[in-house]
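Working notes for the structure below.
The figures here come from the full heavy-atom set of this structure, side chains too, leaving out hydrogens, waters and symmetry mates. Proteins get letters first, then strands, A, B, ... in listed order; numbering begins at 1 in each.
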2 protein chains.
Amino acid sequence: MTTRKQKRPAGSPQAFAEAAECLRILAHPVRLRMVQLLLHGRYTVGELAEDAGVADNVASEHLRLMQRCGFFTSERQGRRVYYEVAEPHLAQIMGCVESRFLAGR
Amino acid sequence: MTTRKQKRPAGSPQAFAEAAECLRILAHPVRLRMVQLLLHGRYTVGELAEDAGVADNVASEHLRLMQRCGFFTSERQGRRVYYEVAEPHLAQIMGCVESRFLAGR
DNA sequence: TTGAAATATCGTGATGTCACGATATGTTGG
DNA sequence: CCAACATATCGTGACATCACGATATTTCAA
């Protein structure tokens with residue numbers, strides 16, 4: 001039996017720190033929109049930038065952030081770079097966010 | 001028929017901004033821990049502070065932040081102030097976070 | 001090979017977040 | 001009323017985030 005004084009929900013401090021960091025990456029309007037779009041297919045930096053209404057370099061920086069924490073992978077095809085979702089749990093979390101904030105009800 | 005050039009996932013820019021702001025509030029290790037604990041019952045500022053390992057005033061500030069965006073409500077009982085969950089979707093989102101980061105597997 | 005397109009990187013200034021200590025407010029018991 | 005307890009608020013300095021412009025890198029096409 002593990003050492004504990006009371007019954008408490010699980011989670012090491014380290015796990016909470018990691019979870020918080022990923023949520024912080026997600027917590028940006030442009031990045032949220034990019035996640036939502038990429039959950040429906042592959043898109044290039046330019047396409048994502050235009051859809052989100054930001055400059056190409058800004059879009060590139062947001063995508064790099066999300067790639068670094070494992071959200072996306074990227075693949076070069078000619079001049080274009082296609083991004084796509086790599087983290088399966090993104091669909092679940094985005095589903096929660098949509099049902100709370102983006103639901104057409 | 002509404003005016004649109006292509007089929008795209010739903011969500012006004014304003015809705016994404018609101019969602020991002022709430023996620024940003026959630027994206028902190030101490031606040032995540034507080035949410036998890038409060039999803040299992042009512043707790044005072046002091047109890048939450050001790051559990052999270054932070055000073056009372058720091059806990060109070062985190063709780064005030066989360067109360068302002070509708071996560072919690074508070075009720076005074078004598079010297080103590082009890083906080084409890086007010087936003088029903090917190091359980092869903094926390095469930096997603098737990099299954100990805102805090103799962104005991 | 002040269003220029004243009006698509007993406008990436010870097011420096012910078014403005015703004016926001018955070019923990020901490022100090023202090024204020026409210027509450028109970030004596 | 002007074003002292004201790006529980007919570008809240010405020011000021012401050014360290015640090016992070018963000019968008020922007022400038023520049024670099026990669027690739028294609030002529």
Side-chain angles (χ1 to χ4, degrees), chain A residues 13-14 16-35 37-38 41-86, chain B residues 13-14 16-35 37-38 41-86:
Chain A
Q14 181 182 355
F16 280 99
E18 189 185 353
E21 190 181 342
C22 281
L23 284 178
R24 189 171 44 82
I25 298 298
L26 202 60
H28 187 288
V30 168
R31 294 196 287 265
L32 268 182
R33 174 60 178 167
M34 287 174 164
V35 167
L37 203 57
L38 283 171
R42 285 166 90 241
Y43 290 95
T44 68
V45 176
E47 288 169 341
L48 293 162
E50 186 188 355
D51 174 81
V54 298
D56 290 349
N57 61 340
V58 172
S60 178
E61 282 170 349
H62 285 304
L63 290 166
R64 184 169 67 102
L65 254 185
M66 292 190 277
Q67 192 177 17
R68 282 195 179 250
C69 67
F71 288 1
F72 304 144
T73 57
S74 63
E75 183 190 356
R76 179 144 224 151
Q77 285 189 5
R79 305 178 185 178
R80 316 280 177 98
V81 172
Y82 283 87
Y83 281 82
E84 63 184 331
V85 173
Chain B
Q14 181 181 354
F16 280 98
E18 189 185 354
E21 191 180 343
C22 282
L23 283 177
R24 190 171 45 82
I25 300 299
L26 200 61
H28 187 287
V30 169
R31 293 196 287 266
L32 268 182
R33 173 61 177 165
M34 287 173 163
V35 167
L37 203 57
L38 284 170
R42 284 166 92 240
Y43 290 94
T44 67
V45 177
E47 288 169 339
L48 293 162
E50 187 188 355
D51 173 82
V54 298
D56 290 348
N57 61 339
V58 172
S60 179
E61 283 171 349
H62 285 303
L63 290 165
R64 185 169 66 102
L65 254 185
M66 293 191 276
Q67 192 176 18
R68 283 197 181 247
C69 67
F71 288 1
F72 304 144
T73 57
S74 63
E75 183 191 355
R76 179 144 225 149
Q77 284 189 5
R79 305 178 182 176
R80 319 277 177 101
V81 172
Y82 284 87
Y83 281 81
E84 63 184 332
V85 172

Report the distance from atom CE of B/Met66 to atom P of D/dT7, rounded to the nearest whole Å. 15 Å
Below 4.0 angstrom from OP1 or OP2 of D/dA6, is there any side-chain N or O of B/Tyr82? no
Expressed in angstrom and rounded to an integer, what is the separation of A/Glu61 atom CD from D/dC18 atom P? 10 Å
So, does B/Ser60 get its side chain near the phosphate of D/dT7, meaning an N or O under 4.0 Å from OP1 or OP2? no
Backbone N or O of A/Val58 within a donor-acceptor pair of the A/Glu61 side chain at under 3.5 Å? no
Rounded to the nearest angstrom, tell me the gap between atom CG in A/Asp56 and atom P in D/dT27. 18 Å
Determine: side-chain N/O of A/Arg76 to OP1/OP2 of D/dC28, distance under 4.0 Å, yes or no. no
Taking for A/Ala27 and for A/Arg79 the nucleotide of DNA chain D with the nearest heavy atom, the one nearer the 5' end belongs to A/Ala27
Of the non-hydrogen atoms in A/Glu47 and A/Arg42, which two are nearest, and what is the gap between them? OE1-O, 4.4 Å
What is the distance, rounded to the nearest whole Å, between atom CG of A/Leu65 and atom C1' of D/dC18? 10 Å
Atom CG of A/Asn57 to atom C1' of D/dT26: distance rounded to whole Å? 16 Å
Using 30° and 60° as the class limits, which term best fits the ring planes of B/His62 and B/His28: parallel, tilted or perpendicular? tilted
For D/dA19, take OP1 and OP2 only and decide whether either is under 4.0 Å from a side-chain N or O of A/His28. yes
Spacing of B/Glu50 atom CD relative to D/dA6 atom P, expressed in whole Å: 11 Å
Reckon A/His62 has a side-chain N or O less than 4.0 Å from the OP1 or OP2 of D/dC18? no
Output for pair (A/Leu23 CG, B/Leu23 CG), nearest 0.5 Å, gives 6.5 Å
For chain B and DNA chain C, what are the first and last nucleotides along the strand, 5' to 3', with at least one atom under 4.0 angstrom from a heavy atom of the protein chain? C/dT17 to C/dT28
Could you report the tightest heavy-atom contact between A/Gly46 and A/Asp56, atom names first, then the distance? CA-OD1, 4.2 Å
Just N and O in the side chain of B/Thr44: are any of them under 4.0 Å from OP1 or OP2 of D/dT7? yes
For A/Gln77, does the CD atom have more than 12 heavy-atom neighbours from other residues, nucleotides or ligands under 6.0 Å away? yes
Tell me the interatomic distance from A/Gln77, atom CD, to D/dT27, atom P, rounded to whole angstroms. 13 Å
Take A/Gly46 and B/Val54, find for each the nucleotide of DNA chain C with the closest heavy atom, and name the residue whose nucleotide sits nearer the 5' end. A/Gly46
A/Ser74 and A/Gln67: side chain donor to acceptor below 3.5 Å: yes
To the nearest angstrom, the CG-P distance between B/Leu48 and D/dA8 comes to 10 Å
